[in-house]
> 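Can you keep this structure in mind? I'll have questions shortly.
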Amino acid sequence: MVEPTGQSGWAAALRTARQWPVGNGHARYRQRPHRRTQRTNRQRSAGRRDQCTRSRQSHRPTTVTIFAEALLAWFDRHGRHDLPWQHPRDAYRVWLSEIMLQQTQVVTVIPYFQRFIERLPALGDLAAADEDTVLALWSGLGYYRRARFLHKAAQLCIERHGGELPREFDALAALPGIGRSTAGAILAQAHGLRFPILDGNVKRVLTRFHGIAGHPGEREVEKQLWQRADAHTPARRTADYTQAIMDLGATVCVRTRPQCPACPMHGECVAHRDDLTGQLPTPKPGKAIPTRSTVMLILRDDEGRVLLQRRGAQGVWSGLWSLPEAENADHAWREAQRNAHIDDAQSLTPFIHVFSHYRLHIQPLLFDRAAPALAIGDNDDRRWFALAELSALGLPAPVRSLLTALPEPIEP
DNA sequence: AAACCGGGGCG
DNA sequence: CGCCCAGGTTT
């Protein structure tokens with residue numbers, strides 16, 4: 001993990017927060033110097049660095065509030081305030097929107113949300129609906145399992161919680177399809193309670209802002225992200241803040257080509273400072289894939305023709321023309337002798353070809369001056385080809401490059 | 001053609 | 001309790 005800026009950086013944050021120019025979308029913030037009204041629990045328990053800053057400049061706002069304040073100021077001007085689940089912003093509507101948004105972008109969700117809420121306007125309607133109705137309203141969104149969870153959870157609310165979504169975090173997160181982040185989003189958005197969220201947008205914003213490397217799926221990384229998410233979440237305007245950080249991730253701090261100049265936090269963003277937005281968040285590591293190895297036989301006759309065979313219908317490169325293969329050098333010699341009279345071989349530089357599910361270590365063996373065995377003639381699946389003919393054949397890319405870069409035959 | 005993503009489920 | 005996967009769509 002890359003550590004965020006030191007103390008001088010925090011001082012800079014304070015300056016930055018106060019000096020955004022008019023016309024850059026931050027005028028409102030600039031015109032309203034920060035006055036700390038109350039200290040939240042979070043501010044009280046803020047980290048060491050924070051305390052250093054405060055002890056030196058105890059009248060200044062903490063960086064915790066800087067992040068939230070800057071974001072809220074941005075949200076007031078540039079955030080989305082007209083989303084259908086914001087008016088009214090009740091728990092049922094927030095919940096439905098959160099589940100839909102887990103799998104689909106806002107613009108796609110809106111018409112589905114409206115149709116759903118029109119047909120099943122309250123939690124009781126959802127609980128009472130039959131599953132076919134729910135799935136029909138969901139159809140086109142995909143991930144139908146989540147619609148079933150939604151339906152099931154509504155019925156559980158009737159059974160356990162008097163027909164309402166519970167306001168207690170644990171009870172909420174115990175419902176199917178609602179985990180820590182969705183429970184937090186519902187409590188924050190619908191009830192203004194101070195709970196953090198950590199969806200994909202927030203993960204992107206936080207890994208960049210704090211320069212947190214490592215795939216967010218890793219336990220340690222995710223733990224850090226929740227800590228940061230919690231630390232930044234303000235006690236006041238929590239609902240707006242939650243919407244704001246999601247909006248920022250969705251519209252400014254996007255995965256490719258983020259719009260850093262439009263970001264209210266770019267002055268303190270580690271990824272922006274160190275030009276790491278392209279590397280953060282760290283992409284999912286390609287899962288460990290096995291390495292297999294093969295020997296590819298290049299049998300070349302006096303006229304420069306090479307022996308190719310068509311691959312079977314199964315496995316990789318099915319139906320393509322390719323070189324004969326063997327599992328090791330011994331087998332390669334035996335296979336070569338079956339096909340031709342040969343007297344020497346040279347190992348060419350081995351290389352690795354990567355497939356989605358394994359990597360293939362290829363050892364090319366060149367047998368020059370091969371005299372085709374008469375017993376095994378050309379047929380539909382096996383032929384000696386002149387190099388000039390190769391361009392008309394379907395060849396695997398590594399085989400093609402191998403054959404086009406063959407060394408000149410050594411004269412006897 | 002891969003990345004994406006909160007939560008469920010499995011080991 | 002922690003790791004892995006499902007499931008359509010987007011980049």
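Small disclaimer: the values here were computed from a predicted structure and weren't measured. Every chain is numbered from 1, with letters handed out A, B, ... down the list of sequences.
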> Determine the interplanar angle of the A:F195 and A:F169 rings, folded into 0 to 90°, and report it as parallel if under 30°, tilted if 30 to 60°, perpendicular if over 60°.
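Ring orientation of A:F195 relative to A:F169: parallel.
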
> Between A:R145 and A:G140, which residue's closest nucleotide on DNA chain C lies nearer the 5′ terminus?
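Looking at the nearest nucleotide for each, A:R145 comes out on the 5' side.
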
> Given B:dG7, C:dG2, B:dC4, which nucleotide is nearest the side-chain atoms of A:R219?
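For A:R219, the side-chain atoms sit closest to C:dG2.
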
> Which residue, A:T256 or A:Q102, contacts DNA chain C at a nucleotide closer to its 5' end, judged by nearest heavy atom?
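Nearest nucleotide further toward 5': that of A:Q102.
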
> Rounding to an integer number of Å, can you tell me how far A:D199 CG sits from B:dC4 P?
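Rounded to the whole Å, the gap is 14 Å.
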
> Find the distance A:R255:CZ to C:dT10:P and express it as a whole number of Å.
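My rounded result for the distance is 13 Å.
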
> Is there a donor N/O on one and an acceptor N/O on the other, under 3.5 Å, for the side chain of A:R180 and the base of B:dG7?
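No such pair is found, so the answer is no.
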
> Distance check: side-chain N/O of A:R204 vs OP1/OP2 of B:dC5, anything under 4.0 Å?
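The answer is yes; a side-chain N or O of A:R204 sits under 4.0 Å from OP1 or OP2.
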
> Could you check whether A:R382 and A:N379, counting side-chain N and O atoms only, form a donor-acceptor pair closer than 3.5 Å?
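Their side chains do not contain a donor-acceptor pair, so the 3.5 Å distance test is not met.
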
> Reckon A:Q105 has a side-chain N or O less than 4.0 Å from the OP1 or OP2 of C:dT11?
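Checking A:Q105 against C:dT11: at least one side-chain N or O falls below 4.0 Å of OP1 or OP2.
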
> To the nearest Å, how far apart are A:M100 CE and B:dG6 C1'?
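Computing the A:M100:CE to B:dG6:C1' distance gives 17 Å.
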
> In this structure, how many angstroms lie between the P atom of B:dA2 and the NE2 atom of A:H215, rounded?
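Checked: the NE2 to P distance equals 16 Å.
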
> Is there a side-chain contact between A:S97 and A:Y112 in this structure, where contact means two heavy atoms from C-beta onward sitting under 4.5 Å apart?
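No - every pair of side-chain heavy atoms lies 4.5 Å or more apart.
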
> Whole angstroms only, please: what is the CZ-C1' distance between A:R148 and B:dG7?
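Taking CZ of A:R148 and C1' of B:dG7, I get 16 Å after rounding.
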
> Is the gap between the ring centers of A:F367 and A:W333 under 6.0 Å?
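A:F367 vs A:W333: aromatic centres under 6.0 Å.
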
> Classify the angle between the aromatic ring planes of A:F67 and A:H232 as parallel (below 30°), tilted (30 to 60°) or perpendicular (above 60°).
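Judged by the thresholds at 30° and 60°, the geometry between A:F67 and A:H232 is parallel.
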
> By the 4.0 Å heavy-atom rule, please label A:L141 as base, sugar-phosphate, or nothing.
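Nothing, no heavy atom under 4.0 Å.
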
> Counting heavy atoms from C-beta on, name the nucleotide in C:dG8, B:dA3, B:dG6 closest to the side chain of A:Y143.
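Output: C:dG8.
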
> Quick one: A:Q103 CD to B:dG8 P, roughly how many Å, whole number?
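In whole Å, B:dG8 P lies 14 Å from A:Q103 CD.
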
> Check whether any side-chain N or O of A:T182 sits under 4.0 Å from OP1 or OP2 of B:dG7, and answer yes or no.
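Answer yes for this pair, as a side-chain N or O of A:T182 is under 4.0 Å from OP1 or OP2.
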
> Which one, B:dG6, B:dG8, C:dT11, comes nearest to the side chain of A:P176?
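Closest nucleotide to the A:P176 side chain: B:dG8.
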
> Any base atoms under 4.0 Å from A:L175, or only sugar-phosphate, or nothing? Heavy atoms, all strands.
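Sugar-phosphate: the residue A:L175, judged by heavy atoms under 4.0 Å, touches backbone atoms but no base.
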
> Roughly how many Å is it from CG in A:L150 to P in B:dG6, rounded to a whole number?
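Value for this atom pair: 17 Å.
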
> When rounded to the nearest Å, what value does the distance between P atoms of B:dA2 and C:dC5 take?
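Comparing P positions in B:dA2 and C:dC5 gives a spacing of 16 Å.
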
> Rounded off to whole Å, could you give me the NZ-to-C1' distance for the A:K203 and B:dG6 pair?
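Going from A:K203 (NZ) to B:dG6 (C1'), I get 7 Å.
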
